[in-house]
Participant: 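Here you go, one structure.
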Amino acid sequence: MATRAAFSRLAPALAHARSARSVGLRLARGYATQSEHTMTVREALNAAMEEEMLRDDKVFIIGEEVARYNGAYKVTKGLLDKFGEKRVVDTPITEMGFAGLAIGSAFGGLRPICEFMTFNFAMQAIDQIVNSAGKTHYMSGGVLPCPIVFRGPNGAAAGVAAQHSQDYASWYGQIPGLKVVSPWSAEDCKGLLKSAIRDPNPVVFLENELMYGVTFPMSSEAMSDSFLLPIGKAKVEREGSDVTLVAHSKMVTHSLEAADELAKEGIKAEVINLRSIRPLDIETIKASIKKTNRLVTVEGGFPAFGVGSEICAQIIESEAFDYLDAPVERVTGADVPTPYAANLENLTFPDTPVIIKAARRALYRSN
Amino acid sequence: MFRPTRFPPSLRQLTVARTSRGVASVTPKLPEYPHGNLPSSQSPITSTMHFFNSVMDSGKQIPTYRIIDGAGQPIEGAEVPELDRDFARNMYENMAQLPIIDDVLYNLQRQGRISFYITAYGEEAAVIGSAAALAPDDEVLAQYREAGVLLYRGFGIESLINQCYGTSLDSCTKGKQMPVHYSSKELHFHTISSPLATQIPQAAGVGFALKRDPSRRGKNCAVTYFGDGAASEGDFHAGMLLASTIPSPTLFIARNNGFAISTPSTEQYYGDGIAARGAGYGVHTIRVDGNDVLAVYSAVKEARRRCIEEGRAVLVETMTYRVGHHSTSDDSFAYRPRKEVEERKRLDNPLVRFRLFLELRGWWSKEEDDALKARIKADVHAAYKKAEALPRPPLSEMFTDVYGGEQPWNLRAQEKELKGLVRKYGRSWEPWKAELKKFKGEGKEWFD
């Protein structure tokens with residue numbers, strides 16, 4: 001782990017560049033023959049916004065440090081120069097203020113992209129997101145839509161302790177009226193962010209700071225400015241017949257690594273990248289369980305009332321329950337506020353060996 | 001705190017606030033002072049240690065703008081706005097109908113026929129005076145005590161009551177919002193939000209969108225209403241800050257009615273009311289007698305002009321008195337004497353004041369007043385009786401409008417499940433059979 005700087009609202013992107021890069025190299029190698037194009041997650045998000053801003057002049061971006069500073073994590077790099085200050089708007093440090101302003105501008109006919117420096121700070125605006133953006137279309141009898149994207153890094157970063165290391169997928173995933181996306185790869189980010197911007201509803205777009213610098217291959221299709229991915233559809237990243245690993249965001253990386261390791265023992269793990277939290281693509285998970293008869297969910301959030309809990313509940317309520325040959329296991333973050341010290345922090349979140357163990361347990365291969 | 005900016009914070013604030021937006025090369029004008037001024041602002045250097053606790057040079061409280069007194073006579077030096085007879089009468093009629101509508105709906109709530117209601121007793125001048133000063137297509141983001149704005153724009157008593165009852169004719173919220181949370185796209189009135197003050201930063205966003213729209217730029221403004229209690233919410237400060245730093249034609253109208261539910265405004269703030277905060281955000285501000293409809297009308301008209309011409313926020317604090325209870329969930333005599341309320345009603349009544357003004361000009365008479373009141377009362381009674389006989393929205397309405405565009409699978413699944421149950425029991429089980437009769441179409445759309 002690199003510098004453990006003092007942070008409050010510090011953008012710790014650089015501090016983690018090293019660990020992020022190493023993950024990326026491993027992945028890029030695996031895909032190298034499929035495509036000659038590559039992109040980092042950061043570049044993919046940037047490209048998605050640029051393309052949509054070119055396509056529709058109602059789209060604009062607003063948030064702290066998004067313009068002159070190019071974004072705390074440089075995701076909006078170059079957009080101010082390309083689109084000017086009317087469409088790339090720096091704001092005072094008032095989450096409820098700029099989230100409220102963005103929501104009002106969506107009511108007024110614009111299509112805002114509201115960047116939070118991290119979703120931890122969006123807590124100060126959560127009433128605006130949940131009670132206003134999420135519910136006004138319904139409460140107005142369908143006359144007042146709120147087409148807006150709330151985006152920013154979500155989940156645990158590294159070395160930034162309890163108040164900067166929380167996954168909000170299950171929080172927003174609860175709310176009817178919101179759509180919630182948690183992308184993993186550069187392709188996910190580009191296709192889903194473009195869909196989110198075009199969606200007539202409020203979309204909470206949960207990025208991961210540790211993924212920003214990771215390079216992924218991009219298909220020629222994904223490089224096109226008409227590339228869209230549907231919100232509400234999961235992707236089977238790796239097919240297998242023995243155990244289903246369902247993950248979102250950075251945990252997809254660890255699940256794929258776990259699948260690689262398990263393959264060495266002859267275990268064929270199927271890895272599902274959720275992509276969307278709400279609507280949740282439970283059908284893809286059910287279809288996989290019918291094939292593998294075993295389910296392990298993997299997420300970086302807290303265990304209680306989490307994404308894994310919801311998947312588990314939906315599965316046992318469905319016919320897929322009859323196909324299960326082993327108890328479902330949820331691999332999650334530990335049930336403690338995230339500690340700062342690196343040794344403690346490393347134990348707090350799932351890593352590849354933990355997923356391997358859970359998968360083996362599902363197959364009765366170990367304790 | 002990490003601030004990635006080339007300017008010291010104070011200078012950054014200054015350039016953003018005083019110029020169009022964020023132009024790095026702007027240099028503040030530096031007037032000559034004996035000791036000069038700070039390099040990053042126009043604050044003169046002084047050798048006098050001077051504390052202050054007022055936005056007025058005099059150190060006194062911010063004055064209150066008034067045109068007519070309790071007898072309907074212009075006070076000395078006041079400039080009565082140009083009004084023709086019909087306009088003035090229309091304003092009065094709109095004011096006078098509010099307490100009559102409130103009386104009936106308040107009682108309907110007390111009888112358990114609707115779940116909730118909010119009256120505007122005592123605030124008729126603040127609401128109607130401001131409504132009359134706006135263009136009919138200015139975007140209004142109200143709190144919940146401003147039904148008068150909608151009525152002034154032609155909403156109609158029937159629509160109001162259909163919303164409160166959630167009938168199948170409730171076109172503004174389709175039975176999905178609680179009473180008094182009106183909404184009308186045609187009348188440019190945004191859906192009321194219950195969590196206090198959320199509409200304030202949103203108004204800054206609506207103003208921002210107006211500024212971006214070539215067909216409405218320079219023609220319309222966004223208007224937000226809020227009480228003195230809501231002005232204690234963080235959203236008020238956030239909204240004022242955002243509207244001033246990201247300039248937009250947004251008009252902030254505070255109804256300072258003396259109470260935040262039970263907390264008197266003297267305990268709501270220690271400073272000089274809401275108006276004192278305007279200057280802190282670099283916003284043009286005025287305090288006006290909210291029980292003088294002409295003062296409210298004139299002040300809001302001028303506020304709107306500045307707001308649109310300069311494309312910047314303006315704050316109007318209307319000083320009034322909430323004669324009624326906060327809502328139907330409140331009995332205000334638990335925290336204020338009945339005598340105080342009765343006295344205010346008698347001595348400082350916005351309706352009486354304006355009626356006297358009209359009578360002095362021969363524009364209104366007691367007979368007309370009686371006839372108006374009788375007519376409104378009859379209209380309200382007819383409307384609620386009609387509403388009570390109307391069916392509720394169709395059953396299928398439960399799942400529509402959660403999302404725009406295609407309905408996600410989870411909603412379709414819920415709808416399918418309910419449909420199955422209704423088909424199974426809806427025509428054979430008595431309680432459901434009776435219940436279904438209350439819905440428009442009696443659930444028939446799900447049997448076919």
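Residue numbers start from 1 in every chain, and the chains themselves are labelled A, B, ... in the order their sequence lines are given, proteins ahead of strands.
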Participant: Would one find more than 12 heavy atoms of other residues, nucleotides or ligands at under 6.0 Å from atom NZ of K82(A)?
Facilitator: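 Yes - once you tally the heavy atoms of other residues, nucleotides and ligands closer than 6.0 Å, there are more than 12.
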Participant: Tell me, out of A125(A), G142(A), A67(A), who's got the most heavy-atom pairs with chain B below 4.5 Å.
Facilitator: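 Option with the greatest count: G142(A).
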Participant: Verify side-chain contact (heavy atoms from CB on, under 4.5 Å) between S183(B) and V143(A), making sure each step is shown before the conclusion.
Facilitator: CA-CA 9 Å; S183(B) 171; V143(A) 303; 3.9 Å; yes
Participant: Please state whether the side chain, the backbone, both or neither of N410(B) comes within less than 4.5 Å of a heavy atom of chain A.
Facilitator: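 N410(B) touches chain A through side-chain heavy atoms alone.
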Participant: Select, from G405(B), G205(B), A238(B), S248(B), the one with the greatest count of heavy-atom pairs under 4.5 Å involving chain A.
Facilitator: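 The candidate making the most pairs under 4.5 Å is G205(B).
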Participant: Using non-hydrogen atoms and a 4.5 Å limit, figure out which bit of L178(A) sits close to chain B: side chain, backbone, both or neither.
Facilitator: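 Looking at L178(A), just its backbone touches chain B.
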Participant: How long is the span from the CD1 atom in I192(B) to the OG atom in S140(A), to the nearest 0.5 Å?
Facilitator: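 So the CD1 of I192(B) and the OG of S140(A) are separated by 12.0 Å.
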Participant: In terms of heavy-atom proximity below 4.5 Å to chain A, should T400(B) be classed as side chain, backbone, both, or neither?
Facilitator: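 Interface part for T400(B): backbone (N, CA, C, O).
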Participant: I'd like to know whether Y403(B) forms a side-chain contact (heavy atoms from CB on, under 4.5 Å) with D199(A), so could you lay out the CA-CA distance, the side-chain angles of the two residues, the decisive distance to 0.1 Å, and finally the verdict.
Facilitator: CA-CA 10 Å; Y403(B) 293 96; D199(A) 201 281; 6.0 Å; no
Participant: Hey, what do you get for CE (M96(A)) to CG (L242(B)), rounding to the nearest 0.5 Å?
Facilitator: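 Spacing of CE (M96(A)) from CG (L242(B)) equals 11.0 Å.
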Participant: Among residues two or more places apart or on two chains, list those pairs meeting ring-ring contact (aromatic ring centres under 6.0 Å, His included) that have a residue in residues 185-212 of chain B.
Facilitator: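 For residues 185-212 of chain B: F60(A)-F208(B).
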Participant: Minimum heavy-atom separation for R212(B) and R87(A), please, with both atom names.
Facilitator: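 That closest heavy-atom pairing would be NH1-CG, 4.1 Å.
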Participant: Of the listed residues (I62(A), D127(A), I103(A)), which shares the most heavy-atom pairs with chain B below a 4.5 Å separation?
Facilitator: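 Counting heavy-atom pairs under 4.5 Å, the top option is D127(A).
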Participant: More than 12 heavy atoms of other residues, nucleotides or ligands under 6.0 Å from CD of Q163(A): is that the case?
Facilitator: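 Open.
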Participant: At a heavy-atom separation under 4.5 Å, does T191(B) approach chain A through its side chain, its backbone, both, or neither?
Facilitator: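 Both parts, heavy atoms under 4.5 Å.
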Participant: Nearest 0.5 angstrom please: D401(B) CG to T136(A) OG1, how far?
Facilitator: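 It is 12.0 Å, given to the nearest 0.5 Å.
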Participant: Give a yes or no on whether E319(A) atom CD has more than 12 heavy-atom contacts from other residues, nucleotides or ligands under 6.0 Å away.
Facilitator: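 Counting neighbours around CD of E319(A), more than 12 heavy atoms of other residues, nucleotides or ligands fall under 6.0 Å, so yes.
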Participant: Is T198(B) in contact with chain A via its backbone, its side chain, both, or neither, using a 4.5 Å heavy-atom distance?
Facilitator: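 Backbone plus side chain of T198(B), per the 4.5 Å heavy-atom cut-off to chain A.
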Participant: Please check if the number of heavy atoms outside E406(B) that lie under 6.0 Å from its CD is greater than 12.
Facilitator: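 Incorrect, the count does not exceed 12.
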Participant: Do any of residues 164-180 of chain B come closer than 4.5 Å to chain A, heavy atom to heavy atom, and if so which ones, in number order?
Facilitator: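 Residues of residues 164-180 of chain B touching chain A at under 4.5 Å: C172(B), T173(B), K174(B), K176(B), Q177(B).
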Participant: G234(B), A222(B), P201(B), S193(B): which one forms the most heavy-atom pairs within less than 4.5 Å of chain A?
Facilitator: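 Ranked by contacts with chain A, first place is P201(B).
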Participant: Kindly check if the number of other-residue, nucleotide or ligand heavy atoms within 6.0 Å of NZ (K77(A)) is above 12?
Facilitator: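 No.
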Participant: Please classify the contact between L80(A) and chain B as side chain, backbone, both or neither, with a heavy-atom cut-off of under 4.5 Å.
Facilitator: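 For L80(A), no heavy atom lies under 4.5 Å from chain B.
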Participant: Answer yes or no: are there more than 12 heavy-atom neighbours, outside K440(B) itself, under 6.0 Å from its atom NZ?
Facilitator: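 12 or below, so no.
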Participant: Give a yes or no on whether the backbone of F399(B) and the side-chain of Y138(A) come within a donor-acceptor separation of less than 3.5 Å.
Facilitator: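 Flag not set: sc Y138(A) to bb F399(B) has no pair under 3.5 Å.
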Participant: Relative to chain A, which of P195(B), S194(B), S184(B) shows the most heavy atom pairs under 4.5 Å?
Facilitator: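 Ranked by heavy-atom pairs under 4.5 Å with chain A, first place is P195(B).
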Participant: Inspect the surroundings of NZ in K194(A) and state if more than 12 heavy atoms from other residues, nucleotides or ligands are less than 6.0 Å away.
Facilitator: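 More than 12 within 6.0 Å, yes.
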Participant: What are the two closest heavy atoms between P279(A) and P408(B), and how far apart are they?
Facilitator: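 Answer, listing the atom of P279(A) first, then P408(B): CG-CB, 3.6 Å.
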Participant: Which residue out of P145(A), A102(A), P147(A), S132(A) racks up the most heavy-atom pairs below 4.5 Å with chain B?
Facilitator: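 If we count pairs closer than 4.5 Å to chain B, S132(A) comes out on top.
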Participant: Any sub-3.5 Å donor-acceptor pair from N201(A)'s side-chain atoms to G404(B)'s backbone N or O?
Facilitator: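 Judged by distance alone, yes, a pair lies under 3.5 Å.
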Participant: Below 4.5 Å from any heavy atom of chain A, which atoms of A203(B) appear? Answer side chain, backbone, both or neither.
Facilitator: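 Neither the backbone nor the side chain of A203(B) comes within 4.5 Å of chain A.
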Participant: Mind listing the closest non-hydrogen atom pair of V206(B) and G104(A) along with its distance?
Facilitator: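 Looking at all heavy atoms of both residues, the closest pair is CG2-O, 3.3 Å.
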Participant: Which region of K135(A), side chain (C-beta onward) or backbone (N, CA, C, O), has a non-hydrogen atom less than 4.5 Å from a non-hydrogen atom of chain B, or is it both or neither?
Facilitator: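 Interface part for K135(A): neither.
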Participant: Does CD in E397(B) sit with more than 12 non-hydrogen atoms of other residues, nucleotides or ligands closer than 6.0 Å?
Facilitator: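 Correct, the count exceeds 12.
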